[in-house]
Amino acid sequence: MNYTNDTQSMKVASFQENVITTGSNVSVILMIMLFGLFIVQSARKIFDHYTSQRKLNDVQDIWESTIAPLITYDIDPTKRSNYEDKQRNGASLTELKLYLLQRAVECVEKMILIQRDGRDIRKSQRTGLCPQSVWQDFVSAPQNIDQESKLIQNENQNNGFEWGKHKSDIFSKAAELVRTRNLRNQQQARTQQTRTQTVSRSNQRSKPGRKRR
């Protein structure tokens, strides 16, 4: 009777040892699998990061080479140089008045452009999409425009220029010209759009229908 119990105890102990050993092996296998999955996920994230970074660099390169040169927020220094050249060469007050107004118009246009694009430019800078040249131009523009505006105001006052209903306020006159130009451009754009739609509808009506069999 004792022999039978000992045999059963040995079998139970052997079974428990087998279970423990098998469980340990399973745990090791699970740990290896989890570690392998971690390695795969890490490699995938690294690959995705570098792929996204490469695409971002491609976008920046395209912007730097094609779009950025077309976007300028700062004033054109050649306009001031032209005015000063005319002044040194003894140009008439009428001619100087015209050149000074052109400088004032540019200041107004640039400030409107900065106000319009400011939010998008700052957002692009935070996300790394804004080319450095565009950002530097955008940041330096307000101070340069302010300095240019003061020079224009001084020249306008020293020459005693008057601007009709705007009196001596050259920037009020410049703002009026900018508004008028923008309204004219918008009207031309709407007219062109209407013409395009009319031509498109006319072409659709002129297309022959399918012949019935």
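Since this is a predicted model, take the numbers as computed values, not measurements.
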[Y] versus [X], side-chain donor and acceptor atoms under 3.5 Å:
X    : Y    : result
T78  : D76  : yes
Q187 : R184 : no
Y83  : E155 : yes

[X] versus [Y]: any side-chain heavy-atom pair under 4.5 Å?
X    : Y    : result
I145 : I114 : yes
I75  : R103 : no
Q153 : K150 : no

Around atom [atom1] of [X], are there more than 12 heavy atoms of other residues, nucleotides or ligands at under 6.0 Å?
X    : atom1 : result
E162 : CD    : yes
Q143 : CD    : no
R88  : CZ    : yes
R190 : CZ    : yes

Next on the checklist: Under the criterion side-chain contact (heavy atoms from CB on, under 4.5 Å), I'd like the reasoning laid out for L151 against R80: C-alpha separation, chi angles, the key distance, then a yes or no.
Outcome noted: CA-CA 9 Å; L151 291 174; R80 186 197 304 176; 3.6 Å; yes
Of all the heavy-atom pairs spanning [X] and [Y], show the shortest one and how long it is.
X    : Y    : answer
E95  : A91  : OE1-CB, 3.6 Å
C107 : E148 : SG-CG, 3.5 Å
V178 : E109 : CG2-CG, 3.7 Å
K79  : Q102 : CD-O, 4.4 Å
S140 : D137 : OG-O, 3.3 Å
T127 : S124 : OG1-O, 3.1 Å

How many angstroms lie between atom [atom1] of [X] and atom [atom2] of [Y], to the nearest 0.5 angstrom?
X    : Y    : atom1 : atom2 : result
Q136 : C130 : CD    : SG    : 10.0 Å
N154 : S149 : CG    : OG    : 11.0 Å
L101 : I152 : CG    : CD1   : 9.0 Å

Next on the checklist: side-chain contact (heavy atoms from CB on, under 4.5 Å), that's the test. Do L113 and T72 meet it? Break it down for me.
Outcome noted: CA-CA 9 Å; L113 188 63; T72 56; over 6 Å; no
Item to check | Under the salt bridge (charged side-chain N to carboxylate O under 4.0 Å, His left out) test, residues paired with E176 that sit two or more places apart | outcome: K165, K173
Checklist entry - How would you list all residue pairs meeting ring pair (Phe, Tyr, Trp, His ring centres under 6.0 Å) that involve residues 150-182, not counting sequence neighbours? => result none
Next on the checklist: I need the full list of ring pair (Phe, Tyr, Trp, His ring centres under 6.0 Å) pairs touching residues 110-146, with sequence neighbours left out, sorted by first then second residue.
Outcome noted: Y73-F138, W135-F138
Item to check | In one Ile/Leu/Val/Met/Phe/Trp/Tyr side-chain cluster, 4.5 Å: I170, L96 | outcome: yes
Item to check | Cluster check I112, V105: I/L/V/M/F/W/Y, side chain < 4.5 angstrom | outcome: yes
Next on the checklist: Treating R122 as the side-chain partner and G118 as the backbone partner, does any N or O pair qualify as donor plus acceptor under 3.5 Å?
Outcome noted: yes
Checklist entry - Counting distance only, does the side-chain N/O of N159 pair as donor-acceptor with the main-chain N or O of K97 below 3.5 Å? => result no
Could you tell me which residues satisfy side-chain hydrogen bond (donor to acceptor under 3.5 Å, both in side chains) with [X], sequence neighbours excluded, listed by chain and number?
X    : answer
D169 : none
N182 : none
D120 : none

